[in-house]
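Written out below as C-alpha cells is the structure these notes cover.
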Amino acid sequence: MQGAVFKPIILATILCGTLDILLATGLTLMRGREPAAMLRFVASGPFPRATEWGGAGSALGLVVHFTLMAVMVGVFILAARDHPSLLHRPLVSVLVYGLVTYVVMNLLVVPLRFPAAWPPSALSIGTQLFAHIVLVALPTLLIARHYLRA
C-alpha cells in the first residue's frame with residue numbers, strides 16, 4: 001500500500017506545480033517583470049542570497065517550488081489514503097484543502113520569511129486562492145480519487 005501513493009504524489013506534483021508556476025509566470029509577465037527574477041525570489045525563501053545567483057538561482061527556484069508542491073500534494077494524498085472519506089465529498093475536500101494550503105503558505109510561511117508581504121493585496125488574495133483551490137486542490141483530489149479508490 002505504501003507504493004500506491006508514490007505515483008499519485010509524483011503526478012500531482014508535476015501537474016499542480018506546472019499549473020501553479022504557469023500562473024505565476026503569467027502574472028509576473030503581466031506586471032512587466034522577468035520570470036527568472038520571480039524564480040530567484042522563490043529560491044530566496046530558504047536561500048536568501050539566491051536573488052544574486054543568476055540562472056542557478058532561477059533553477060533553484062523551480063526546485064524549491066516543486067518541492068513545496070510535493071509537500072502540499074503529499075499531505076493530502078497521504079491523508080486521503082488514511083481517511084478515504086476525503087475522496088467522497090470532493091467539493092468540501094477541495095475547498096477545505098485549498099483554504100488550508102492558502103492559509104499555511106500565505107498567512108504563515110510567506111509573512112514569516114517576507115514580512116513586507118503582509119498584508120496581502122486583494123488581488124494577491126484572489127489569485128492565490130484561485131491557485132490553491134483550482135490549480136492545486138482540485139487536480140490533487142482528482143488524481144487521488146483515481147489512484148486511491150479501490
Side-chain angles (χ1 to χ4, degrees), residues 5 7-81 83 86-148:
V5 297
K7 188 172 183 178
I9 290 173
I10 295 298
L11 291 173
T13 298
I14 292 168
L15 177 60
C16 299
T18 300
L19 292 172
D20 187 59
I21 205 67
L22 285 174
L23 175 65
T25 300
L27 292 171
T28 299
L29 290 170
M30 286 174 47
R31 293 179 181 125
R33 298 186 181 141
E34 293 185 16
M38 176 268 298
L39 290 170
R40 287 191 297 274
F41 182 75
V42 170
S44 76
F47 305 98
R49 300 204 52 170
T51 56
E52 305 165 10
W53 295 348
S58 298
L60 183 59
L62 275 177
V63 171
V64 168
H65 169 72
F66 279 96
T67 300
L68 289 169
M69 192 61 63
V71 170
M72 284 193 277
V73 303
V75 165
F76 182 83
I77 291 172
L78 291 171
R81 179 197 62 187
H83 305 282
L86 291 172
L87 303 175
H88 302 303
R89 298 184 61 196
L91 182 59
V92 172
S93 293
V94 164
L95 290 174
V96 170
Y97 172 56
L99 289 172
V100 168
T101 59
Y102 169 82
V103 167
V104 169
M105 284 302 297
N106 294 280
L107 302 181
L108 294 174
V109 174
V110 171
L112 286 173
R113 175 58 182 94
F114 303 106
W118 186 261
S121 68
L123 179 62
S124 175
I125 292 168
T127 57
Q128 289 302 307
L129 282 172
F130 173 81
H132 284 266
I133 293 170
V134 177
L135 303 181
V136 178
L138 179 60
T140 299
L141 176 112
L142 293 173
I143 290 169
R145 283 180 68 150
H146 178 78
Y147 283 95
L148 300 179

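Numbering starts at 1 and runs along the sequence shown.
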Cut-off 3.5 Å, no hydrogens considered: what does the side-chain donor-acceptor table look like for residues 114-131, sequence neighbours left out?
{"unit_1": "Ser121", "atom_1": "OG", "unit_2": "Ser124", "atom_2": "N", "d": "3.0"}
{"unit_1": "Thr127", "atom_1": "OG1", "unit_2": "Leu123", "atom_2": "O", "d": "3.1"}
{"unit_1": "Thr127", "atom_1": "OG1", "unit_2": "Ser124", "atom_2": "O", "d": "3.2"}

Result for side-chain contact (heavy atoms from CB on, under 4.5 Å) between Val42 and one of Val63, Leu62, Val64 points to Val64
side-chain hydrogen bond (donor to acceptor under 3.5 Å, both in side chains) filter on Arg49, not counting sequence neighbours, yields Glu52
Taken to the nearest 0.5 Å, the spacing of His83 NE2 from Leu78 CG works out to 10.5 Å
Across all chains, not counting sequence neighbours, the side chain to side chain contact (heavy atoms under 4.5 Å, CB included) partners of Ile10 are Phe6, Ile14
Notebook entry, point to check: Do the ring planes of Phe76 and Tyr97 sit parallel (below 30°), tilted (30 to 60°) or perpendicular (above 60°)?
Noted result: tilted
For residues 137-147, run the donor-acceptor check on the side chains, cut-off 3.5 Å, and write out each pair with its distance to 0.1 Å, sequence neighbours left out.
{"unit_1": "Thr140", "atom_1": "OG1", "unit_2": "Val136", "atom_2": "O", "d": "2.7"}

- Message: Show, in sequence, the C-alpha distance, side-chain angles and deciding distance for Leu148 and Val5, and conclude whether the side chain to side chain contact (heavy atoms under 4.5 Å, CB included) test is met.
- Response: CA-CA 8 Å; Leu148 300 179; Val5 297; 4.2 Å; yes
The side-chain hydrogen bond (donor to acceptor under 3.5 Å, both in side chains) partners of Ser58 (sequence neighbours excluded) come to Arg40
Nearest heavy-atom approach of Ala50 to Ala43 is CB-CB, 3.6 Å
dist His65:NE2 -> Cys16:SG (nearest 0.5 Å) comes out at 9.0 Å
Donor-acceptor contacts, no H, no angles, side chain residues 20-32, under 3.5 Å, sequence neighbours left out:
{"unit_1": "Thr25", "atom_1": "OG1", "unit_2": "Ile21", "atom_2": "O", "d": "2.7"}
{"unit_1": "Thr28", "atom_1": "OG1", "unit_2": "Ala24", "atom_2": "O", "d": "2.7"}

So CG of Leu107 and CG of Leu112: to nearest 0.5 Å the spacing works out to 10.5 Å
Scanning both residues in full, the closest heavy-atom pair of Thr13 with Ala70 reads OG1-CA, 3.3 Å
Side-chain heavy atoms of Arg113 within contact of Pro48, under 4.5 Å:
yes
Open item on the list: Given 3.5 Å as the limit, does a donor-acceptor pair link the side chain of Ser93 with the main chain of Leu86, or not?
Closed with: yes
One should read off an interatomic distance between Ile9 CD1 and Met72 CE, to the nearest 0.5 angstrom, of 13.5 Å
